[in-house]
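Taking it in order: structure first as structure tokens, then the write-up.
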Amino acid sequence: MAIEETIGVIMASAGLPEDKAREVRNLIEQNIVEALGRGETMQINGFGHFIVSRRRARAIFNPRTRQTVIYPATKTILFRPSTALMNALN
């Protein structure tokens, strides 16, 4: 589902005009991004968890150049679907 389709669903279900529906969608997205940026877990009941995971720094061997390169530590986002979402999919 594209952003415009999501806004259409919000408009139809909540009876909001397009500008307010767009604002609601943007606020939800902004809230999720800010929470994950702070390293918090974002839980949406009935949908799932967004979890910030840390990958440690590690040494990687390049077989072509025969050099070991240090790959820095990074953060990534994991998604764990809820049981209700998994049941809806299966």
Side-chain angles (χ1 to χ4, degrees):
M1 181 179 285
I3 292 172
E4 295 302 320
E5 293 174 82
T6 305
I7 292 169
V9 170
I10 294 170
M11 288 171 50
S13 62
L16 295 173
E18 183 178 352
D19 60 333
K20 293 293 182 186
R22 187 176 301 277
E23 184 178 340
V24 167
R25 187 227 164 260
N26 289 340
L27 285 172
I28 292 169
E29 179 183 345
Q30 180 181 358
N31 189 13
I32 293 171
V33 169
E34 287 176 0
L36 293 174
R38 292 188 302 265
E40 298 174 3
T41 297
M42 179 57 119
Q43 178 179 354
I44 302 172
N45 291 334
F47 186 69
H49 295 69
F50 292 95
I51 303 165
V52 177
S53 175
R54 290 174 176 76
R55 292 184 180 167
R56 61 182 173 83
R58 58 196 181 275
I60 299 173
F61 180 73
N62 184 341
R64 181 174 293 184
T65 62
R66 299 207 174 269
Q67 292 180 339
T68 301
V69 179
I70 302 299
Y71 190 78
T74 58
K75 293 180 185 176
T76 188
I77 299 171
L78 301 175
F79 176 70
R80 304 261 166 99
S82 70
T83 304
L85 180 60
M86 290 303 293
N87 290 339
L89 292 175
N90 293 319

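One is the number of the first residue; the rest follow in order along the sequence.
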Sequence neighbours excluded and cut-off under 3.5 Å, please list the side-chain donor-acceptor pairs for residues 4-22, or say none.
unit_1	atom_1	unit_2	atom_2	d
Glu4	OE1	Arg22	NH2	3.2
Glu4	OE2	Arg22	NH1	3.3
Glu4	OE2	Arg22	NH2	3.4
Glu5	OE2	Ala2	N	3.0
Thr6	OG1	Ala2	O	3.1
Ser13	OG	Val9	O	2.9
Glu18	OE2	Arg22	NH2	2.9

query = So if you build clusters from Ile, Leu, Val, Met, Phe, Trp, Tyr with side-chain heavy-atom gaps below 4.5 Å, do Ile51 and Met42 land together?
reply = no
Do any side-chain atoms of residues 67-79 form donor-acceptor pairs under 3.5 angstrom with protein atoms, and if so which ones, sequence neighbours left out?
none

ask   = Which pairs pass side chain to side chain donor-acceptor pair (under 3.5 Å) with one or both residues in residues 27-41, sequence neighbours excluded?
value = Arg25-Glu29, Gln30-Glu34, Arg38-Glu40
Check residues 81-90 and write down every donor-acceptor pair under 3.5 Å in which the side-chain atom is one partner and the other belongs to a residue at least two apart or another chain.
unit_1	atom_1	unit_2	atom_2	d
Ser82	OG	Gly46	O	3.1
Ser82	OG	Phe47	N	3.4
Ser82	OG	Phe47	O	3.4
Ser82	OG	Leu85	N	3.2
Asn87	ND2	Thr83	O	3.3
Asn90	ND2	Met86	O	3.3

key: Residues clustering with Phe61 (ILVMFWY side chains joined when closer than 4.5 Å, directly or via others)   = none
query = Any side chain to side chain donor-acceptor pair (under 3.5 Å) pairs touching residues 43-58, not counting sequence neighbours?
reply = Gln43-Asn45
